[in-house]
There are 2 protein chains.
Amino acid sequence: MPPATAPDTIAPPGHIETGPRGHIEKRLSIIDAAACVFCREGYGGTNIDMIAAQANVSRQTVYNHHGDKEKLFRAVVREVTERINAGLFDTLATFPDRPTDLEADLAAFAVRLTRNCICNRDGKFLRKLIQSEGERYPELFADWRVNGPAKVWSALAARFARLALSGHLDLDDPDLAARQFLALINADLQTAMLLGDDIGDEFLESSARQAVRTFLRAYGKRA
Amino acid sequence: MPPATAPDTIAPPGHIETGPRGHIEKRLSIIDAAACVFCREGYGGTNIDMIAAQANVSRQTVYNHHGDKEKLFRAVVREVTERINAGLFDTLATFPDRPTDLEADLAAFAVRLTRNCICNRDGKFLRKLIQSEGERYPELFADWRVNGPAKVWSALAARFARLALSGHLDLDDPDLAARQFLALINADLQTAMLLGDDIGDEFLESSARQAVRTFLRAYGKRA
DNA sequence: GACAATTTGGACAAGAGCGTCCAAAAATAT
DNA sequence: ATATTTTTGGACGCTCTTGTCCAAATTGTC
C-alpha cells in the first residue's frame, strides 16, 4: 500500500502536522533537497525531478510524501521559517547583558548573529524566497512579516535599552538603535551575499568589528 | 517582410545594438512589460504570452523584436542596468561637496539616492533579479559586479574623503564610511522593500534624517 | 522466513509553453 | 494611391512538466 498522501484537511492552526508515517529521514531529506532546488531555481524554474534527484529518491516518493508541488513548497517554507525563528531567538539569548568588554562582546554577538541566522543556508533561502515569491504568495509570509523582523527588533531594542539604563550606552530611541545595529552588521555582507558567495569567518569577524566600532562611536558612552 | 530578427552575431562590447528597425516605441514597451513580468514572476515563471498581454502587443511581435525568451531577458537586464547606472551617477553628482548645513545636505542627498536609485522600479527589479538569477546567469551580472557597488562605493568614498580633508568629517577609512552610510540609509527601507510595499516620501525623509544623524554621531567633527 | 509497509521505475494522459509558419490586416512611407 | 514595412492572430509541432497508476523490488518487522 502506498503511504497515505498528504491529507486534504487543513491542520488546525498551531497544530503540528504529524504527516504520513513514511520514514522520516526520507521526508526530511526531500524537504532539504527541495529547499536547495527551490532556492537555486525559483518556484517556477523547479521541477519535481530535480528535487527527486537531489534527494536521491524516486519522483513517486516525493509525491507520496508531499502530494503536490505547491504543498511541498509550503512545507519547505514552514520548515525553514521555523528553523530560522528558533535559531534567531537562541542567538538573541546570548546577547551580552552584562558586558565586560562592551565592544568585544557586541562584536562576538554580531558574529553569532550573522553566522547562525543571516549567512547560513536557511537565512539565505528565506531572504531569497521572500524577495522572489513574497508578492505572489503573501499569505505564506504573513506570519514571518509580523513575527520576523519586528520581533527581532523589539527584542534587540529591549537589550539596548537595558544597556542604556546600566550606563553602557547613550541613546534615546532603542528601536532605531536596534535597526541601525542590524544594518551596520549587514553593511559589508549584503553585496557579498547577493551573489551567493560563501563568506569566510575572518571576513565575518572583521566586518562585525567595524560595524560595532561605528555603532559605539555613535551610541557609546562618551568618556 | 517580417522585421529582421535579433542578429545571432554578438555585438562588439561597448557597441550599442541598433537592433531591428521595428517601431522603437513597441520595442521599448515590450522591454518595459517584460521587466515588469520577469520581476513579478521570475524567469522560470514568466511566459511570453504574459509579456505580450502586458505590452498590448501580439506574441509574434515579441518574437519579431527579440527573437528568444533568453535574448529578451538579456535585453531587459542590459536596459535596466544601464538606466540604473546612469541614474546612480547622476545622483552621485549631486553630492554636497561644499555643504552649508552638513546634516541637512547629507539627508537631502540620501533622499535623492534612495528615491531615484534604490526604491524606484528599476532598482527593485535589479535587486530582485540579481538575487534570484545571479547564481544561474553569473555572466549577466559580471559587469554589474565590478561596475556596480564597487564604483558607487569608491565614488562616495572619494567625496567623504574630501569632506574629511575640508574638516567637515572625522574619519580614517573613507571606503568603510561610504559602505556604512549606504547601509544606514537602507536600514529602515530594507524590510519594507522586501515585501514590495510602496514607500511614502515622508517615510523616505525621516529615514534619511535618522540615518544621517547617526552617521554624523559616529563620523561628525566633535565640537 | 513471512508479512506489511515503503520505495522504485516506467508508462501514461493532459496540459502548458516555446518557437515557427503564414496569410490577412494595419500602419507607414513614397 | 501605391508600395513597403510592421503587426496581428491563429494554427501547428514539439518538448517539458505535472500528477496518476501499477506491478515489481526493496526494506523493515515479527
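Per chain, numbering begins at 1; letters A, B, ... match sequence-line order.
- Residue B:Met193 holds its CE atom at 6.5 Å from CD1 of B:Ile118, rounded to the nearest 0.5 Å.
- Under 4.0 angstrom from either OP1 or OP2 of C:dA5 there lies no side-chain N or O belonging to A:Lys26.
- Between B:Phe73 atom CZ and C:dC18 atom P the separation is 14 Å, expressed in whole Å.
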Reading nucleotides 15-30 of chain D from 5' to 3' and marking B where a protein heavy atom lies under 4.0 Å of the base, S where only the sugar-phosphate is that close, and - otherwise, the string is --SBBBB------S--

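- A straight line from CG of B:Asn56 to P of D:dT6 spans 20 Å, rounded to a whole angstrom.
- Defining each end axis of the helix from C:dG1-D:dC30 to C:dT30-D:dA1 as the rotation carrying four pairs' C1' atoms onto the next four, with five pairs an end, the two axes are found to diverge by 30° to 10 degrees.
- Put simply, NE2 on B:His65 is 17 Å from C1' on C:dG19, counting in whole angstrom units.
- For A:Thr61 and C:dT8, the shortest distance from a side-chain N or O to OP1 or OP2 is below 4.0 Å.
- Protein atom CD1 of A:Ile24 is 11 Å distant from nucleotide atom P of C:dT6, rounded to whole Å.
- In terms of modelled atom types and a separation under 3.5 Å, the side chain of B:Arg159 and the main chain of B:Ala178 share no donor-acceptor contact.
- Without hydrogens or angle criteria, A:Arg112 side chain to A:Thr94 main chain gives a donor-acceptor distance under 3.5 Å.
- The distance from atom CZ of B:Phe109 to atom OG1 of B:Thr91, rounded to the nearest 0.5 Å, is 7.0 Å.
- Taking atom NE2 of B:His66 as the reference point, atom C1' of C:dG19 lies 16 Å away to the nearest angstrom.
- Rounded to whole angstrom, the span from the CZ atom of B:Arg27 across to the P atom of D:dT6 amounts to 12 Å.
- Note on ring orientation: taking the six-membered ring where Trp is involved, the planes of A:Phe38 and A:Tyr43 are parallel (angle under 30°, cut-offs 30° and 60°).
- Other residues, nucleotides and ligands place more than 12 heavy atoms under 6.0 Å from the CG atom of B:Asp201.
- When the shell of 6.0 Å around CZ of B:Arg213 is examined, it contains 12 or fewer heavy atoms from other residues, nucleotides or ligands.
- In this structure, B:Phe160 and B:Phe181 have perpendicular ring planes: the angle between them is above 60°, well past the 30° mark.
- The structure places CD of B:Glu133 at 8.5 Å from OG of A:Ser132, a figure rounded to the nearest 0.5 Å.
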